[in-house]
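For reference, the structure discussed in these notes is given below.
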2 protein chains.
Amino acid sequence: MKAGPDIARIAALIGDPARANMLTALMSGKALTASELAAEAGVSPPTASGHLAKLEAGGLIGQRRQGRHRYFSLTGTEVAAVLESLMGLASGAGHLRTRPGPRDEALRRARVCYNHLAGEMATAMYGALLRTGRLATTGDGPRLTESGAAFFSGFGIALEPLIRARAPLCRECLDWSERRSHLAGSLGRAVLARIEAEGWASREPGSRAVRFTPRGEAAFGAWLGLG
Amino acid sequence: MKAGPDIARIAALIGDPARANMLTALMSGKALTASELAAEAGVSPPTASGHLAKLEAGGLIGQRRQGRHRYFSLTGTEVAAVLESLMGLASGAGHLRTRPGPRDEALRRARVCYNHLAGEMATAMYGALLRTGRLATTGDGPRLTESGAAFFSGFGIALEPLIRARAPLCRECLDWSERRSHLAGSLGRAVLARIEAEGWASREPGSRAVRFTPRGEAAFGAWLGLG
DNA sequence: TTCATGCTTTGACCGTAGCCGAAGCACGCG
DNA sequence: CGCGTGCTTCGGCTACGGTCAAAGCATGAA
């Protein structure tokens, strides 16, 4: 017994409904203030404050003071990955009676996962990138190929600063709605930023959903060579 | 709020120390009786019984009656994957003061992850398989190539029954100690079985650790063409 | 300085959930 | 059949943890 790390500690941290709501809200990748998170979780400011302190002590979130606000965010992609996989279990093993509403439909299509794109569009993209040899996979996550480097440079992404930074360029992340992987890492983040800058899609305010315009969706498909 | 599935429900399920211990014990892949799990969790039989009922209602474990015993096991690899990723977070973000003992060291080297091999040896194997083209990766997890099929057949694994079964042949699973992927799925399971049948390694009783014999380790490396 | 806003701490309340002992089933065996 | 073992249900205890109101600190603005 006691083999392996103390998994109950952080599972319990996620296991409270108020805290789970906060973490889910933070999955949008945006840093949120304590009051916003309190509203999101449906609790009073004091309660939220206590929860946030626990989450921080547990290492799941971090804070950044700015002016008289306190911005909270997830500490990293690893936390986001755990949350995503938990959502996969909950949506699968949970009560299926709650059939997906229109809002869930949009989330399934495309959404923000911490800082990169997730959902149907994202797994389609990841598959296309691997099929066309822009990415290759080692045991240690995906790797950018030479043709891939040219491909993304042509899309307007400056790769050098990303490579110079110590954060991993490519990562894969399991999608709870699709049950397949999609692209994460600093490259995944850059792609999402570029898609938004291009005007192909925009985030719905107050939600994780990403809405593609019809023209944006067509351009996205053409870029990747999707059917 | 309420975007996405009810993650708090199952996180809370894992969040109790007694239940977490039970789940960790079940990560060995073996089906255990209620009394064994009670001992593992350090609680009385009545308490264990209550916990097991909750875990089953939550869809995390299933039971199989056999004689006058009741055998419990995890419901699937998806549950195991969540537990592994939670261990990754807990070992990283958790208190690092608990430096790894000799027992942890063995676990890091090679262990059972639900029904397949995990740890250093497993990620090395996965990397070698991808490097040599026995496996290729699509967006939808790894795929067995033709050369890979010949490779595993030559190792004494009958692929047809695995392919005929509806369970996925290849899956990847994130390793909490290595933070890299390793091979799961029915093929992963078959490989571990073959390794044990070959006498290369054996499971330590009452633990998840897998101990390779010196000769077994050498044979394993030669088989994969590791340095 | 003085006020207002954003957040945290304190203190008290309450509910829930874990825990066990004892009794109750259920199954298998002799 | 009746005994023993394995597991579950029941009752009641305890305590941990979530919750909010009110007061206490900060920080920035006037």
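Chain letters run A, B, ... following the sequence lines, proteins first, then strands; residues in each count from 1.
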Notebook entry, point to check: Would you say the side chains of B/Gln63 and B/Tyr71 form a donor-acceptor pair under 3.5 Å?
Noted result: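 No, no side-chain donor-acceptor pair sits under 3.5 Å.
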
Next item on the list: Could you tell me whether A/Arg171 and A/Glu78 make a salt bridge, using a distance below 4.0 angstrom between a side-chain N and a carboxylate O?
Entry: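 Judged by the 4.0 Å cut-off on N to carboxylate O distance, A/Arg171 and A/Glu78 do not form a salt bridge.
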
Notebook entry, point to check: So, A/Trp200 versus A/Phe212, ring centres under 6.0 angstrom or not?
Noted result: no

Between [atom2] on [N] and [atom1] on [X], what's the gap in Å once rounded to a whole number?
X: A/Arg64; N: D/dT27; atom1: CZ; atom2: P; answer: 17 Å
X: A/Leu55; N: C/dT8; atom1: CG; atom2: C1'; answer: 16 Å
X: A/Arg65; N: D/dC25; atom1: CZ; atom2: P; answer: 16 Å
X: B/Tyr71; N: C/dC27; atom1: OH; atom2: P; answer: 17 Å
X: A/Leu13; N: D/dG17; atom1: CG; atom2: C1'; answer: 13 Å
X: A/Gln63; N: D/dT27; atom1: CD; atom2: P; answer: 12 Å
X: A/Arg70; N: C/dG6; atom1: CZ; atom2: P; answer: 14 Å
X: B/Asp16; N: D/dG17; atom1: CG; atom2: P; answer: 11 Å

Under 4.0 Å between a side-chain N/O of [X] and OP1 or OP2 of [N], yes or no?
X: B/Lys54; N: C/dA17; value: no
X: A/Arg19; N: D/dG18; value: yes
X: A/His51; N: D/dT19; value: yes

Note to self: Applying side-chain hydrogen bond (donor to acceptor under 3.5 Å, both in side chains), can you list everything that pairs with B/Arg194, at least two apart in sequence or on another chain?
What the structure shows: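 With neighbours one apart ignored, the set is empty.
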
Check: Hey, which of these two, A/Ala18 or B/Ser49, hits DNA chain D nearer its 5' end, going by closest nucleotide?
Finding: B/Ser49

Closest listed nucleotide, where the reference is the side chain of [X] and the choices are [options]:
X: B/Thr47; options: D/dC20, D/dT8, C/dC19; answer: C/dC19
X: A/His69; options: D/dG6, C/dG6, C/dT8; answer: C/dG6
X: B/Val43; options: C/dC19, D/dT8, D/dG18; answer: C/dC19

Check: Is there a donor-acceptor contact under 3.5 Å from the side chain of A/Arg19 to the main chain of A/His51?
Finding: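 No.
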
